[in-house]
Amino acid sequence: MVLEYEVEEREIVRRGSEGDTKEAFDFSSKVTFYKKNAKETQSLLSQVSSSQITPSQDCKEIVESQCKYSLESDSDSENASISPGKYDISSYSFQLDPGQSKKQNIKRTYFACQKNPEQLKTSNLNEHITSILEVLEKNSHSQGEKWRAFAYGKAIRVLKNAKFKVNSVEDAKKLHGIGLKIQEKIQEILETGQLRRVQLESSDERTVTFNLFSQVFGAGPATVTKWYSQGFRTLEDLKQKAKLTYQQEIGLAYYEELQQKIPREEVTQIGKIVSDTAIAIVPGLKVVVCGSYRRGRQECGDVDILMTHKKTNCLTDLLPRIIQELEKVHFLTDHLTKIENTDKYMGVCQRAPGMPHRRIDIKLFPRHEWACALLYFTGSGHFNRSIRLWARKLSMSLSEHALVRRYSETEKGEPVPVKSEQEIFQVLGLKYQAPEQRDI
DNA sequence: AAACTGGGGGG
DNA sequence: CCCCCC
DNA sequence: GTTT
Ligand SMILES: [Mn+2]
């Protein structure tokens, strides 16, 4: 059974219970479509009814308005040939080689949400190993060793997804992403139940301090390294002696509170406060709580709120007015970004006096970017990178603003007029994955 | 040796 | 540049 | 860190 897909240069790696296999994947034949010029591709948009496209509850309403929007704004362009809700964006996808049912199968196998909830929730048979590797991953991350952390993360993922318990180095070798060094570590874990390296690091001043400092909002590897070399070792040191940015001051002031996870119920309540306030100021505003909340988590790290409006113009004072009101009612307590003339806000909020302070992000996007913005802001971060890399392999580029054809590193085409998350998956030849399935 | 987990934006 | 968002 |  295939548990995970991963695309590499011109191959697809199949993460399976019996180790990994690779299959050639001819991208060039898959993307013949994209070699046509933009006008042609637009004209490929056909007449098939889109009844198969069923937007989720969340975005159904917006999807309809979205269609209208693109008609209005592009009335003089080739987009005008698109009728609302009636075009079949699947002409963008991989129908060009229907005879290749084998490839079709590859596509479905790797990008499908083969993850039924049951399958997704398989238990981790290698907890005894992954819990230790997770410490190494975290430590590497604090040290700014990005790729080392990435490698640990990959090894952890592959161990968690394995359908068998790893009882020997031989078992571990079968998994793609576990090399010599991690094999040695697994051997030690299997023999002694622990890892000296982890014991050592847990009492290592540098590691401990890096972990402590790197959790200050606004402090990354460079700042943490500087603080450490300046001799600071505690949060008190930082408060008293370090030169802090305003963000870091806030991050330090709420250090403990911001570490705490937010119960889903509280995120719901926070979302309602923001939504009610915003809609009272701007009727017709669309407000959706995204992030880990939309992915269905019971506990969230922060609150992510996405907004759009048919009159959205990112240069208006729409978001500033909402922020001001939320500040006035003492919901927003601190700002981490400027609040004038902005469409992206980061700050700190408090649901009610006495409650913990929480990190909150609010973003306002133009309506025609809704689908891409929703996909981006729902994440996960890992999922975003994965799907954006896939888009890149197809000579496309996906961002929170648009899905576009990529002619070269710098030259990009007009946005594909996607009007829902479903259509983004469709254009990319991926089977739709619900938000819960993107929690990877 | 170089890619790998991208693309964008605020301070 | 550094850090952040997902 | 691992893989190509
Ligand atoms: Mn956030």
Side-chain angles (χ1 to χ4, degrees), chain A residues 6-11 13 20 22 133 136-137 139-141 143-158 172-173 175-186 197 214 216-226 244-251 289-295 297 300-306 314 335-347 359-363 365 369 372-393 396-404 406 409 412 435 438-440:
Chain A
E6 194 139 320
V7 181
E8 303 187 3
E9 199 52 33
R10 298 186 79 81
E11 291 175 326
V13 179
D20 299 324
K22 291 177 186 173
L133 294 184
L136 294 175
E137 181 192 18
N139 292 350
S140 300
H141 214 266
Q143 317 265 346
E145 298 183 291
K146 179 184 165 187
W147 293 115
R148 177 163 293 136
F150 166 72
Y152 280 129
K154 192 173 180 181
I156 290 164
R157 241 179 14 253
V158 91
K173 273 184 189 164
L175 301 170
H176 190 264
I178 297 190
L180 273 179
K181 309 289 278 293
I182 295 184
Q183 284 171 32
E184 288 172 16
K185 291 179 170 67
I186 288 178
R197 163 90 176 266
S214 62
V216 175
F217 182 94
T223 308
V224 170
T225 302
K226 192 181 74 187
L244 302 171
T245 66
Y246 181 70
Q247 288 186 338
Q248 289 157 0
E249 278 182 37
I250 303 296
V289 182
C290 297
S292 51
Y293 179 86
R294 187 158 181 261
R295 297 197 306 274
R297 289 273 191 104
C300 305
D302 69 352
V303 184
D304 301 300
I305 298 180
L306 184 64
C314 290
H335 307 312
L336 295 163
T337 50
K338 72 173 178 0
I339 60 169
E340 302 88 25
N341 195 20
T342 184
D343 53 5
K344 288 171 194 64
Y345 173 80
M346 278 194 293
R359 274 276 296 105
I360 183 168
D361 297 308
I362 307 175
K363 291 173 195 276
F365 277 82
E369 295 179 355
C372 291
L374 188 62
L375 187 74
Y376 151 72
F377 216 25
T378 298
S380 68
H382 183 202
F383 174 87
N384 283 350
R385 285 173 156 164
S386 173
I387 194 171
R388 287 175 183 202
L389 182 68
W390 174 248
R392 175 178 270 270
K393 301 289 186 198
M396 302 197 78
S397 172
L398 176 64
S399 76
E400 51 268 55
H401 298 297
L403 177 62
V404 302
R406 183 197 298 268
E409 275 308 307
K412 291 176 181 173
R438 302 175 210 158
D439 197 34
I440 57 176

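Note that the structure is a prediction, hence the values are computed from the model and not measured. Protein chains get the first letters and strands the later ones, always in sequence-line order, with residue 1 at the start of each. Values reported hereafter were calculated over all heavy atoms of this structure, with side chains retained and with hydrogens, waters and symmetry mates removed.
Between Arg359(A) and dC5(C) there is a side-chain N or O to OP1 or OP2 distance below 4.0 Å. At least one side-chain nitrogen or oxygen of Arg197(A) sits closer than 4.0 Å to the OP1 or OP2 atom of dG1(D). OP1 or OP2 of dT2(D) has not a single side-chain nitrogen or oxygen of Lys154(A) nearer than 4.0 Å.
Closest approach to the Arg295(A) side chain among dC3(C), dC6(C), dG7(B) is made by dC6(C) (side chain taken as heavy atoms from C-beta onward). Nearest nucleotide to the side chain of Arg148(A), out of dG1(D), dC2(C), dG10(B): dG1(D). The side chain of Pro221(A) has dC3(C) as its nearest neighbour among dC3(C), dT2(D), dC6(C). Distances were taken from every side-chain heavy atom of Ser397(A) (C-beta onward) to each of dG7(B), dC6(C), dC3(C); the shortest belongs to dG7(B). Here the side chain of Ile182(A) is nearest to one of dG1(D), dC3(C), dC5(C), namely dG1(D).
Summary of the strand contacts: Lys344(A) and Ala151(A) both lie near DNA chain B, and taking for each the nucleotide with the nearest heavy atom, the more 5' one is attributed to Ala151(A). Sequence order on DNA chain B of the closest nucleotides to Asn384(A) and Tyr246(A) puts Asn384(A) first from the 5' end.
Whole-Å rounding puts the Met346(A) CE to dG8(B) C1' distance at 12 Å. One can place CG of Asp304(A) at 19 Å from P of dG8(B), the figure rounded to the nearest angstrom. Straight-line distance from the NE2 atom of His382(A) to the P atom of dG7(B): 15 Å, rounded to whole Å. Between Leu375(A) atom CG and dG6(B) atom C1' there is a gap of 12 Å when expressed in whole angstrom units. Summarising the geometry, the separation between OH on Tyr152(A) and C1' on dT3(D) is reported as 16 Å, rounded to the nearest angstrom. Whole-Å rounding puts the Leu389(A) CG to dC4(B) C1' distance at 9 Å. In this structure, Lys338(A) atom NZ and dC4(C) atom P are separated by 18 Å, rounded to whole Å. Between Lys146(A) atom NZ and dC2(C) atom P there is a gap of 14 Å when expressed in whole angstrom units.
Contact annotation for Phe377(A): backbone-only contact, meaning every heavy-atom pair under 4.0 Å involves sugar-phosphate atoms and none involves a base. Val216(A) comes within 4.0 angstrom of sugar-phosphate atoms only, judged by non-hydrogen atoms across all strands, and of no base. Note on Leu136(A): nothing from the nucleic acid sits closer than 4.0 angstrom, heavy atoms only. Using a 4.0 Å heavy-atom criterion, one finds that Thr378(A) contacts the sugar-phosphate atoms exclusively. Among the protein residues, Ala219(A) comes within range of the sugar-phosphate backbone only, with heavy atoms under 4.0 Å from sugar or phosphate atoms but none that close to a base.
For dG6(B), its base sits under 3.5 Å from the side chain of Arg388(A) at one donor and acceptor pair at least.
Taking the ring axis of Tyr345(A) as reference, the NZ or CZ atom of Lys338(A) does not stay both within 45° of it and closer than 6.0 Å to the ring centre.
Considering only heavy atoms from C-beta on, Thr378(A) stays 4.5 Å or farther from Phe383(A) through its side chain.
Legend: residues meeting side-chain hydrogen bond (donor to acceptor under 3.5 Å, both in side chains) with Arg388(A), ordered by chain and number and at least two apart, are Glu400(A). In terms of the side-chain hydrogen bond (donor to acceptor under 3.5 Å, both in side chains) criterion, Tyr376(A) has no residue partners (sequence neighbours excluded).
Between Asp361(A) and Arg359(A) there is a salt bridge, since at least one side-chain N of the basic residue sits less than 4.0 Å from a carboxylate O of the acidic one.
An aromatic stack links Trp147(A) and the base of dC4(B), using centre distance under 5.5 Å and interplanar angle under 30°.
To the nearest 0.5 angstrom, Leu136(A) atom CG is 5.5 Å from Arg197(A) atom CZ.
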